[in-house]
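To start, the structure itself, in structure tokens.
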Amino acid sequence: MKRILLPLFAVLCAMSPLAGAVDEPLDARRIVQMAHAAAGGDSWKRPRTLHLTGTAVLYADGTAASRREVSHYEMWREFPAWNRAAHGANGRFRLDARNGDATLYQISYDGKDTWNDKGRVEQAEASREWSENFGFGIIRFALDDGFVLTRMADDQVEGRAAWTVRVADPGGATTMFWIDQADHTVRKVGFATPRGWHERIYSDFYMVPQPRFQQPGRVRLYYGGALVSDIRWTRAVVDAPIAHEIFVLGGR
């Protein structure tokens with residue numbers, strides 16, 4: 001009987017979760033590395049430009065009564081080569097919302113000044129505007145020196161299991177990222193703004209093949225828990241030249 005039981009005991013010990021080395025849990029840095037790889041790698045981390053077109057439904061104050069459909073939603077982006085501040089304006093940026101010939105909303109940043117459809121925006125107002133909008137892109141720089149990454153409690157986004165990572169930039173500003181545990185896409189971002197806690201949920205991802213660049217086809221923006229924008233990006237062009245004049249509204 002001993003001859004039978006001893007080999008069986010050895011097999012059971014080998015199968016035990018206590019036997020052998022235990023896999024180390026993923027740390028925040030490794031999770032961000034996986035998110036970068038899933039999104040396209042270096043071409044996603046350091047793109048030069050991005051031009052998006054699509055449609056949107058906007059809710060000016062988050063109420064159903066303020067709902068407005070936008071037939072033409074367009075964004076131009078020139079990315080910075082480096083960034084150490086998560087929630088300030090950087091690179092160049094422009095966003096248009098139009099229905100036919102009617103302009104509903106325009107805002108741009110030309111690398112120095114902020115513009116809207118009425119002209120140049122005063123610095124204080126501009127700073128508030130950009131602090132409420134810039135934030136997602138800092139994950140591209142999160143592995144650089146000076147950033148602090150913390151793995152937070154695991155969560156879920158729209159029923160999908162997600163790792164949560166807090167990214168602190170060198171100045172101490174923090175941004176939360178929810179990264180899908182299955183496909184490593186960034187499913188949600190959240191950060192504090194003067195307008196309240198801001199979150200964006202990303203879905204309907206597609207890959208631009210040349211250069212490889214993962215783009216969410218749907219982006220929903222929330223302030224204080226209320227939905228304010230539901231955007232559908234149907235076309236993405238990466239690294240095509242964008243004239244500087246695009247970012248100076250009206251050519252002023």
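The figures here come from the full heavy-atom set of this structure, side chains too, leaving out hydrogens, waters and symmetry mates.
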Arg195 and Thr193: CA distance, side-chain angles, deciding distance, side chain to side chain donor-acceptor pair (under 3.5 Å) verdict:
CA-CA 5 Å; Arg195 189 174 170 182; Thr193 78; over 6 Å; no
At their closest point, which heavy atom of Glu158 faces which heavy atom of Ser203, and how far apart are they?
OE1-CB, 4.3 Å
May I have the step-by-step check of salt bridge (charged side-chain N to carboxylate O under 4.0 Å, His left out) for Arg160 and Asp183, ending in yes or no?
CA-CA 10 Å; Arg160 298 180 66 94; Asp183 64 14; 3.5 Å; yes
Please evaluate residues Thr53 and Trp233 with respect to the criterion side chain to side chain contact (heavy atoms under 4.5 Å, CB included), reporting the C-alpha separation (whole Å), side-chain torsions for both, the decisive distance (0.1 Å), and the verdict.
CA-CA 6 Å; Thr53 51; Trp233 294 123; 5.6 Å; no
Test side chain to side chain contact (heavy atoms under 4.5 Å, CB included) on Asp27 and Arg151; report intermediate values, then the result.
CA-CA 6 Å; Asp27 64 11; Arg151 181 173 172 179; over 6 Å; no
Would you confirm whether Asp101, through its side chain, and Asn99, through its main-chain N or O, come within 3.5 Å as a donor-acceptor pair?
no
Are Phe93 and Phe134 side-chain neighbours, meaning at least one heavy-atom pair lies under 4.5 Å?
yes
When you group the ILVMFWY residues by side-chain heavy-atom contacts below 4.5 Å and let the links chain together, are Phe205 and Ile31 in the same group?
yes
Should the pair Trp44 and Phe213 be assigned to parallel (<30°), tilted (30 to 60°) or perpendicular (>60°) ring geometry?
tilted
Locate the shortest heavy-atom distance separating Ala81 from Arg46; write the atom from each residue and the value.
O-NE, 3.7 Å
Of the non-hydrogen atoms in Ala142 and Val167, which two are nearest, and what is the gap between them?
CB-CG1, 3.9 Å
In this structure, is the centre-to-centre distance between the rings of His87 and Phe191 below 6.0 Å?
yes
Give the minimum heavy-atom separation between Asp110 and Phe247, together with the two atoms involved.
CB-O, 3.7 Å
Asp117 (side chain) donor-acceptor with Tyr105 (main chain) under 3.5 angstrom
no
Side-chain touch Leu95/Glu74, heavy atoms, less than 4.5 angstrom:
no
Which distance, rounded to the nearest 0.5 Å, do you find between the NE2 of His36 and the NZ of Lys45?
5.5 Å
Is the shortest side-chain heavy-atom distance between Leu50 and Met75 below 4.5 Å?
yes
Could you go through Lys188 and Glu199, starting from their C-alpha distance and side-chain angles, then the distance that decides it, and tell me whether this counts as side chain to side chain contact (heavy atoms under 4.5 Å, CB included)?
CA-CA 7 Å; Lys188 188 168 76 166; Glu199 289 184 337; 3.6 Å; yes
Heavy-atom check, side chain of Trp76 versus side chain of Leu52, under 4.5 Å
no
Will you find, in the side chains of Glu78 and His244, an N or O donor that is under 3.5 Å from an N or O acceptor?
no
Where Met207 and Gly40 come nearest, the two heavy atoms and their spacing:
CE-N, 4.4 Å
Please check if any side-chain donor atom of Gln106 sits under 3.5 Å from a side-chain acceptor atom of Asp96, or the reverse.
yes
Distance-only, no hydrogens or angles: does the Arg77 side chain make a donor-acceptor pair with backbone N or O of Arg92 under 3.5 Å?
yes
Would you mind reporting whether Phe79 and Arg48 have side-chain heavy atoms less than 4.5 Å apart?
no
Arg98 and Tyr73: side chain to side chain contact (heavy atoms under 4.5 Å, CB included), yes or no, with the steps?
CA-CA 6 Å; Arg98 301 193 304 272; Tyr73 208 64; over 6 Å; no
Polar side chain donor-acceptor pair, Asp61 to Ser66, under 3.5 angstrom
yes
Group every Ile, Leu, Val, Met, Phe, Trp and Tyr by side-chain heavy-atom contacts under 4.5 Å, then state whether Leu26 and Leu149 land in the same group.
yes
Fit a plane to each ring of Tyr202 and Phe136, take the angle between them on a 0 to 90° scale, and name the class: parallel (under 30°), tilted (30 to 60°) or perpendicular (over 60°).
tilted
Does one side chain, of Thr164 or Asp155, offer a donor that lies under 3.5 Å from an acceptor on the other?
no
Begin from the C-alpha positions of Asp113 and Arg120 and carry the test salt bridge (charged side-chain N to carboxylate O under 4.0 Å, His left out) through to its verdict.
CA-CA 7 Å; Asp113 295 315; Arg120 197 190 309 266; 2.5 Å; yes
Could you check if a side-chain atom of Ile179 sits within less than 4.5 angstrom of a side-chain atom of Met34, using non-hydrogen atoms only?
no
Does a sphere of radius 6.0 Å around CZ in Arg166 hold more than 12 heavy atoms from other residues, nucleotides or ligands, not counting ones at 6.0 Å or beyond?
no
Whether Arg187 engages the ring of Trp178 as a cation-pi pair (distance to the six-membered ring centre under 6.0 angstrom, angle to the ring normal within 45°) should be assessed.
no
Given the side-chain rings of Tyr109 and Trp115, with only the six-membered ring counted for Trp, is the space between their centroids under 6.0 Å?
no
Within the 4.5 Å heavy-atom criterion, are Ile201 and Tyr222 side-chain neighbours or not?
yes
